Amino acid sequence: MKGVYDKVIELSSRRGFFWPSSKEVYSDAPAGFYTYGPLGVRMKEKIIGLWRREIVIKEGVNEIETPNVLPIKVFEASGHLEHFFDKLIECRRCHSKFRIDKLLEEALGIEENLEGLPDDQLLKMVLENDLRCPNCGAFDWGDLRNFNLMFTLAVGAEASEPNAALRPETTQGSVVEFRKTFTVMRGKLPFALGQVGRVFRNEISPRRALIRMREFQQLEVQIFFDPENPDELYREKLEPFLDYKLRFLRREDRESGRIVEIPAREALMSGYTVNSLITYWLVAYQRFFNETLGFPLERLRYRELVEGEKAHYSLVHWDLEVYTEDLGWIELVNNAYRTDYDLSGHMRVSGIDLRIAIPESDRKLLPHMYEPSIGVDRVILHELMLAYREDEERVWLQLPRSIAPIEVGVFPLLKRDELPSKAREIYHELINEGIIAFYDDSGTIGRRYRRMDEIGTPLCVTIDYQTLEDDTVTLRDRDTMMQVRVRREELPTKVRKFLNSDLSIHEI
């Protein structure tokens with residue numbers, strides 16, 4: 001029996017959210033690349049728009065855009081050439097290659113992340129569990145080795161060796177442009193940069209659709225601050241949220257899996273969340289996913305990373321994860337306190353002094369950096385999985401109204417008389433009001449409702465014979481299937497009110 005994950009993957013391909021890139025034409029196209037269809041593009045743009053509204057604009061983030069290709073020296077300075085690798089094991093019989101920690105997790109049904117285990121322990125688990133190659137069934141493994149995930153390039157006609165790389169994170173573009181942006185924006189610390197951008201990682205074994213890809217999109221914020229005064233500004237910003245409860249899986253609770261809810265005040269005072277700045281951003285992102293994107297709070301947690309799991313640049317590190325029955329806990333946001341690791345690396349390799357002067361003092365300093373980084377593709381997949389509903393009558397996506405790719409379906413009851421022309425008039429009125437509408441006159445009205453339900457459209461408008469008499473239309477709610485009559489001239493206002501609130505169709 002198919003689980004929700006498989007049903008969502010099938011629905012997404014059939015209805016136009018996303019599907020494997022190039023596969024219909026070239027069956028041997030490499031895995032890990034996905035095409036977004038019209039519905040997926042619109043949904044992604046809405047999520048990015050909410051992030052810009054709630055994070056970039058409200059938090060005073062300076063958004064920039066840097067190239068996908070950066071000089072190889074950037075990644076020498078950032079440590080990616082030395083540290084950015086996964087552990088690869090190869091089957092000697094069929095030469096299939098696997099990331100060993102994920103191979104073990106999936107084969108043994110382990111929900112806990114094995115990434116931080118040492119090589120000898122991972123190999124021991126393979127031997128003790130008689131783990132065979134998933135592709136050919138052989139038990140004939142080669143040695144474990146490190147595989148760097150960077151795509152390197154030789155840029156320019158004169159280049160004979162790689163002198164650049166596709167970025168594996170947008171961070172380094174922000175770091176090398178920090179001083180310039182700080183200057184042109186007349187900045188002062190703390191100073192936040194943000195980017196929306198594509199990143200590239202040569203994954204050993206891409207899998208689980210949008211969970212592990214070779215090209216994906218990030219929404220990143222880098223907050224640069226004075227390490228001697230990290231609480232400036234954020235002490236006051238955190239004040240209204242001191243009693244807000246953050247959900248943590250701490251390192252000491254790994255074995256039990258117990259999630260503890262800690263008020264922000266306690267997390268800060270105990271030193272667990274380091275300072276007011278980091279505590280504030282942990283609150284901001286948990287609230288963003290719960291209150292703006294609609295993720296149930298009980299399905300979210302911050303998992304504290306330990307040595308071996310933390311990235312090479314991290315002093316402290318939490319992954320904001322979401323739980324589904326089919327996939328278990330999956331990381332959505334990487335939250336890392338990177339200290340001055342990045343800036344000091346670029347200062348060392350480039351020879352350029354990247355310190356900034358502190359006004360009204362003789363100090364020059366290299367700021368520290370804290371970074372929350374969202375993998376937006378994973379967010380989309382989980383939004384669809386958490387929204388999936390089915391019963392004896394229908395399948396529907398109970399998407400948050402704010403991210404539904406189509407906001408209103410517009411239908412004539414029948415394809416005759418004046419109903420289609422009147423329906424098209426109303427459709428164009430909604431479009432001109434900035435509402436994303438879809439016109440459909442094909443098939444029975446029930447079938448058209450079902451098609452809209454399946455892609456998460458919150459409202460449908462039906463034009464019937466009563467419309468011709470009194471200029472009212474039927475407005476139908478996706479989730480309850482309840483219907484009300486609305487006057488045509490009030491329709492755009494009422495639709496917007498419904499889409500931008502939690503009100504029921506009767507309350508509007």
Side-chain angles (χ1 to χ4, degrees), residues 50-63 171 174-175 178 182 185 187-195 218-250 259-293 295 297 300-305 310-311 313-322 331-342 358 365 367-374 379:
L50 290 170
W51 175 78
R52 282 197 170 110
R53 186 188 78 189
E54 297 297 321
I55 301 295
V56 174
I57 295 172
K58 289 187 178 179
E59 301 298 341
V61 176
N62 299 278
E63 189 175 350
T171 310
S174 294
V175 173
F178 161 69
F182 186 83
M185 296 304 293
K188 63 178 183 177
L189 298 179
F191 185 79
L193 287 179
Q195 281 205 67
Q218 289 180 323
L219 312 179
E220 290 198 338
V221 176
Q222 295 84 29
I223 306 100
F224 298 87
F225 62 95
D226 181 350
E228 293 186 15
N229 189 15
D231 293 329
E232 185 176 3
L233 177 68
Y234 282 97
R235 185 184 292 108
E236 183 178 341
K237 293 185 71 166
L238 181 61
E239 184 72 28
F241 305 106
L242 286 173
D243 294 323
Y244 180 83
K245 292 181 179 179
L246 291 161
R247 292 169 52 82
F248 289 107
L249 175 68
R250 301 171 301 182
I259 296 171
V260 295
E261 293 190 347
I262 306 176
R265 183 193 315 273
E266 181 183 331
L268 175 62
M269 295 298 291
S270 67
Y272 182 64
T273 51
V274 186
N275 57 44
S276 295
L277 183 150
I278 292 175
T279 308
Y280 177 82
W281 282 98
L282 291 171
V283 168
Y285 269 78
Q286 185 174 293
R287 292 183 65 229
F288 176 68
F289 273 83
N290 174 226
E291 298 171 17
T292 303
L293 297 184
F295 284 68
L297 198 56
L300 294 172
R301 73 180 185 187
Y302 280 110
R303 183 170 67 91
E304 181 185 2
L305 272 60
K310 292 190 297 185
Y313 46 71
S314 292
L315 178 62
V316 293
H317 200 144
W318 296 271
D319 283 345
L320 180 61
E321 298 179 324
V322 63
E331 172 203 345
L332 296 181
V333 189
N334 170 314
N335 302 272
Y337 177 19
R338 301 173 71 129
T339 67
D340 63 356
Y341 180 94
D342 301 273
I358 301 300
L365 65 86
H368 280 205
M369 182 176 73
Y370 175 74
E371 175 188 64
S373 171
I374 297 175
V379 174

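Keep in mind that the numbers below use all heavy atoms, side chains included, and drop hydrogens, waters and symmetry copies. Everything numeric in this text was worked out from a predicted model, so none of it was measured.
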Interatomic spacing from [atom1] in [X] to [atom2] in [Y] - rounded to 0.5 Å:
{"X": "Ile57", "Y": "Trp51", "atom1": "CD1", "atom2": "CH2", "value": "10.5 Å"}
{"X": "Asp319", "Y": "Arg301", "atom1": "CG", "atom2": "CZ", "value": "9.5 Å"}
{"X": "Leu219", "Y": "Glu63", "atom1": "CG", "atom2": "CD", "value": "9.0 Å"}
{"X": "Gln286", "Y": "Lys245", "atom1": "CD", "atom2": "NZ", "value": "11.5 Å"}
{"X": "Leu300", "Y": "Ile259", "atom1": "CG", "atom2": "CD1", "value": "9.0 Å"}
{"X": "Ile374", "Y": "Ile55", "atom1": "CD1", "atom2": "CD1", "value": "7.0 Å"}

Which of these, Tyr370, Tyr272, Trp281, sits in a ring pair (Phe, Tyr, Trp, His ring centres under 6.0 Å) with Trp318?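 Between Trp318 and the candidates, ring pair (Phe, Tyr, Trp, His ring centres under 6.0 Å) is satisfied uniquely by Tyr272.
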For [Y], is there any backbone N or O sitting under 3.5 Å from a side-chain donor or acceptor partner on [X]?
{"X": "Arg247", "Y": "Leu297", "answer": "yes"}
{"X": "Thr292", "Y": "Phe289", "answer": "no"}
{"X": "Gln222", "Y": "Gln195", "answer": "no"}
{"X": "Lys310", "Y": "Leu315", "answer": "yes"}
{"X": "Tyr285", "Y": "Val333", "answer": "no"}

Is the shortest side-chain N to carboxylate O distance from Arg250 to Glu304 below 4.0 Å?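 Salt bridge: no.
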Is any NZ, NE, NH1 or NH2 atom of the basic residue among Arg303 and Glu331 found under 4.0 Å from an Asp or Glu carboxylate oxygen of the other?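 So Arg303 does not pair with Glu331 through a salt bridge.
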Considering all heavy atoms of both residues, which atom of [X] and which atom of [Y] are nearest to each other, and what is their separation?
{"X": "Asn275", "Y": "Pro230", "answer": "ND2-CB, 3.5 Å"}
{"X": "Leu365", "Y": "Pro227", "answer": "CD1-CD, 4.4 Å"}
{"X": "Leu320", "Y": "Asn335", "answer": "N-ND2, 3.6 Å"}
{"X": "Ala192", "Y": "Val221", "answer": "CB-CG1, 4.4 Å"}
{"X": "His317", "Y": "Ala311", "answer": "ND1-N, 3.8 Å"}
{"X": "Ala264", "Y": "Val283", "answer": "CB-CG2, 4.0 Å"}

Quick one: does [X]'s side chain get under 4.5 Å of [Y]'s, heavy atoms only?
{"X": "Asn229", "Y": "Leu189", "answer": "no"}
{"X": "Met369", "Y": "Asp342", "answer": "yes"}
{"X": "Thr279", "Y": "Arg265", "answer": "no"}

side-chain contact (heavy atoms from CB on, under 4.5 Å) for Leu233 and Phe225? Distances and angles first, verdict last. CA-CA 10 Å; Leu233 177 68; Phe225 62 95; over 6 Å; no
Residues which pass side chain to side chain donor-acceptor pair (under 3.5 Å) with Tyr313, listed by chain and number, not counting sequence neighbours: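 By the side chain to side chain donor-acceptor pair (under 3.5 Å) rule, Tyr313 matches no residue at all.
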Reference residue Tyr280; test side chain to side chain donor-acceptor pair (under 3.5 Å); the match among Arg235, Glu59, Glu239: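 Looking at Arg235, Glu59, Glu239, the match for Tyr280 under the side chain to side chain donor-acceptor pair (under 3.5 Å) is Glu59.
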CA sep, side-chain torsions, deciding dist, call: Phe248, Thr273, side-chain contact (heavy atoms from CB on, under 4.5 Å): CA-CA 11 Å; Phe248 289 107; Thr273 51; 3.8 Å; yes
So Asn62 and Phe182, side-chain contact (heavy atoms from CB on, under 4.5 Å) or not? Walk me through it. CA-CA 9 Å; Asn62 299 278; Phe182 186 83; over 6 Å; no
Counting only heavy atoms from other residues, nucleotides and ligands, does the tally under 6.0 Å from CD of Glu291 exceed 12?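 Atom CD in Glu291 is packed in, count exceeds 12.
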For the residue pair His368 and Tyr337, categorise the inter-ring angle as parallel (less than 30°), tilted (30 to 60°) or perpendicular (more than 60°).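 If you compare the ring of His368 with that of Tyr337, the planes turn out tilted.
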What do the steps show when you test Thr171 against Glu371 for side-chain contact (heavy atoms from CB on, under 4.5 Å), and what is the final call? CA-CA 9 Å; Thr171 310; Glu371 175 188 64; 2.4 Å; yes
Short side-chain donor-acceptor distance under 3.5 Å, Glu220 and Ser174: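 Side-chain D/A pair, Ser174 to Glu220: absent.
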